[in-house]
Amino acid sequence: MRNLFWFRHDLRLHDNTGLHAACRTGEVVPCVILDDAFLKNSSIGPNRIALFLDAVAALSASLEKSGARLIIRHGKPDVEIVRLLKESKAGGVYHNRDYEPYAVARDARVARAVHDAGAEITPHKDLVVFEGHEILTQAGNPYAVYTQFKNSWLKQELFPAVLPAPKRIAFPAELNALTSVDLKTFSIEPESEVPEISEAIARRRLKDFLDDDVLEYATRRDDPSADQTSKISHHLKFGTLSPRTVVSQARALLATMRKPESRKSIETFISEIVWRDFFFQIMAAFPHVAEGAFRPQYDSVKWATNPTHLKAWQEGRTGYPIVDAGMRQLKKMGWMHNRVRMITASFLCKDLLIDWREGENYFSRLLIDGEPAVNNGNWQWVAGTGTDAQPYFRIFNPTTQSERFDPDGDYIRRWIPELKDVPAEFIHTPSEHPLLCPEYILPIVEHAVQRKKALEMYKAARGEG
DNA sequence: TGAAATGTTGGGGCG
DNA sequence: ACGCCCCAACATTTC
């Protein structure tokens, strides 16, 4: 048999479920379709497009080592897949399943076109460890509360196996003349300093993390200046690393650990992968979250319209050091420490009273790990509009958070040169020490005042105003 | 994976 | 010595 394998954001050879299955059937023609709906999508942005193209280039190189060519085409996926099916005389298409509404609709169009062409299409589970339909409540419904989902996830008896990379991919020699577009003609300048990406880099990063930092993950992951997070998020986004590989290696390590602190750390790390599965199944089961609040009552929140405040937040000029440090790190690196993502997101929604979708879109444009289901889930969590959400009244105090999580001010000093000589004692409240911080701007809003306004805003939406 | 407002307690200053 | 007040320190409630 001969099949296409259509790579999307599963750009690896190891533990690639659909690719593995395709290889077992016989000959395989690996392909990537460059889709303008992706390349020209303003909510994706140059950082992720550049990283995607880099990951495709790295994949293409490793496929060559396995004896195969990666065929890259540019156009509408339904048209290009069918065209390639005919050109390569393949009987079917294998690919891995996606869950967000655009991808679901696209895949339905492709499936129709493939069937109309008289061929078979075979989707596989690959993006997650467990899909939504594998983790259901006793009543058979999808979970809408994380903790319960996690308990059920952890109780699963059979974790999916980690599949090896195919030793050799049987690429039909007579297809060497198939055309493939030159990736270089699509190359795009990222806005931030994006990292190098490849499957080998991803696997090394995971190993380094599991050899060391994971053992104090429970306590150190919340320290943005130490920054001992795993840094695998962009690999999970583009599929240079599989979540099953991550979980399987973490569980194997856990089995060897006795020290409670180490055990707790590894468990906390695994639970972050569970969050990821959780948000994918939420997006799959409740696709309306892509547009609006998970809880419809919060669709009536009257968010503020204030382009000046929005821009100040985006550029890191709010006058709250921890917020500005985070937003400047995002702009420079295309990445922000998770703790600071929560603080900056809370500030947008509950101090500037701006719609969480503005923040979701801005994060999406810059983040190298921007995964729609995960980004959306986390923003709705912070905004209090989502499933299992932080209650609307749980409002971060940016100064308290700063003192608690960056006590020495090292993170702030790294990203805000105006404050680089300010001692820890004064760095969290620069407006109270104007003589020490002459270069740094004054707060654009007053937290105590905004907090009350936020409570009123949510109260009105709940029909209690 | 909150913070502020409000309530309670108890030590110490003081008349 | 005693009652009163103040106010940390801690606990509970509320948003």
Side-chain angles (χ1 to χ4, degrees), chain A residues 143-151 153-154 214 216-230 233 261 264-279 282 294-295 297-298 301-302 320 322-323 326 336-353 356 359-360 363 369 371 373-407 411 428-429 443 445-465:
Chain A
Y143 283 99
V145 176
Y146 169 72
T147 310
Q148 292 165 357
F149 176 84
K150 181 176 90 166
N151 291 339
W153 192 101
L154 289 170
V214 74
E216 31 184 45
Y217 186 75
T219 50
R220 306 301 298 279
R221 80 196 165 110
D222 257 338
D223 176 348
S225 67
D227 196 4
Q228 297 192 3
T229 57
S230 68
S233 54
E261 192 208 326
K264 183 169 190 301
S265 283
I266 298 167
E267 284 164 359
T268 304
F269 174 61
I270 292 171
S271 76
E272 298 297 330
I273 304 294
V274 183
W275 270 110
R276 180 175 174 277
D277 272 16
F278 177 68
F279 284 141
I282 289 291
F294 174 78
R295 299 161 197 252
Q297 64 186 118
Y298 288 114
V301 172
K302 301 262 190 304
Y320 286 86
I322 192 78
V323 174
M336 196 195 307
H337 187 279
N338 186 252
R339 165 56 52 182
V340 191
R341 291 188 198 195
M342 290 192 276
I343 300 172
T344 55
S346 178
F347 191 83
L348 184 76
C349 299
K350 291 169 178 174
D351 283 86
L352 299 181
L353 315 177
W356 57 271
E360 180 195 21
F363 271 31
D369 58 27
E371 181 72 77
V374 178
N375 192 36
N376 178 277
N378 279 316
W379 270 96
Q380 293 223 32
W381 183 85
V382 170
T385 63
T387 107
D388 197 32
Q390 161 160 262
Y392 70 92
F393 50 76
R394 192 171 290 171
I395 296 174
F396 281 31
N397 179 325
T399 307
T400 310
Q401 288 280 315
S402 185
E403 287 163 350
R404 186 179 307 164
F405 294 106
D406 188 28
Y411 179 75
H428 306 288
T429 51
V445 291
E446 195 184 322
H447 173 71
V449 173
Q450 298 305 106
R451 176 182 176 276
K452 288 186 179 138
K453 285 193 202 164
L455 289 170
E456 285 302 314
M457 182 178 79
Y458 280 95
K459 193 168 156 191
R462 292 155 59 85
E464 295 165 14

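Lettering of chains follows the sequences in order, A, B, ..., and the numbering in each one begins at 1.
- When only modelled atom types and interatomic distance are considered, A/Glu360 and A/Asn376 share a side-chain donor-acceptor pair under 3.5 Å.
- Using a 4.0 Å heavy-atom cutoff across all strands shown, A/Ser346 reaches no nucleic acid atom at all.
- Taking only side-chain atoms of A/Phe393, from C-beta outward, the nucleotide of C/dC15, B/dA4, B/dT1 with the closest atom is C/dC15.
- Summarising the geometry, the separation between CZ on A/Arg451 and C1' on B/dA5 is reported as 9 Å, rounded to the nearest angstrom.
- In this structure, CE of A/Met342 is placed 15 Å from C1' of B/dA3, rounded to the nearest angstrom.
- Counting only heavy atoms from C-beta on, A/Asn397 has its side chain closest to B/dA4 among C/dC15, B/dA4, B/dG2.
- In this structure, CZ of A/Arg276 is placed 20 Å from C1' of B/dT1, rounded to the nearest angstrom.
- Taking atom NZ on A/Lys452 and atom P on C/dT14, their separation rounds to 18 Å, with Å as the unit.
- In this structure, the nucleotide among B/dA4, B/dT1, B/dG2 sitting nearest to the side chain of A/Gln401 is B/dG2.
- Side-chain atoms of A/Leu455 lie closest to C/dC15 of the nucleotides C/dC15, B/dT1, B/dA4.
- Note: CD1 (A/Ile322) to P (B/dT1) measures 18 Å, nearest angstrom.
- Atom CZ in A/Phe279 sits roughly 11 Å away from atom C1' in B/dT1 (whole-Å rounding).
- Under the 30°/60° scheme for interplanar angles, the aromatic rings of A/Phe347 and A/Tyr320 are found to be tilted.
- For the residue pair A/Gln380 / A/Thr385, a side-chain donor-acceptor distance below 3.5 Å is found, with atom types taken as modelled.
- Between A/Tyr217 and A/Phe269, the ring-plane angle classifies as perpendicular under the 30° and 60° cut-offs.
- Remark: C1' of B/dT1 and CD of A/Glu272 are 9 Å apart, rounded to the nearest angstrom.
- Between B/dA3 and A/Arg404, a contact under 4.0 Å exists linking OP1 or OP2 to a side-chain N or O.
- Between A/Tyr458 and A/Tyr298, the two ring planes are perpendicular [angle over 60°; tilted spans 30° to 60°].
- The distance between atom CD1 of A/Ile395 and atom C1' of B/dA5, rounded to the nearest whole Å, is 14 Å.
- Which of B/dA5, C/dC15, B/dT1 sits closest to the side chain of A/Tyr392 comes down to C/dC15.
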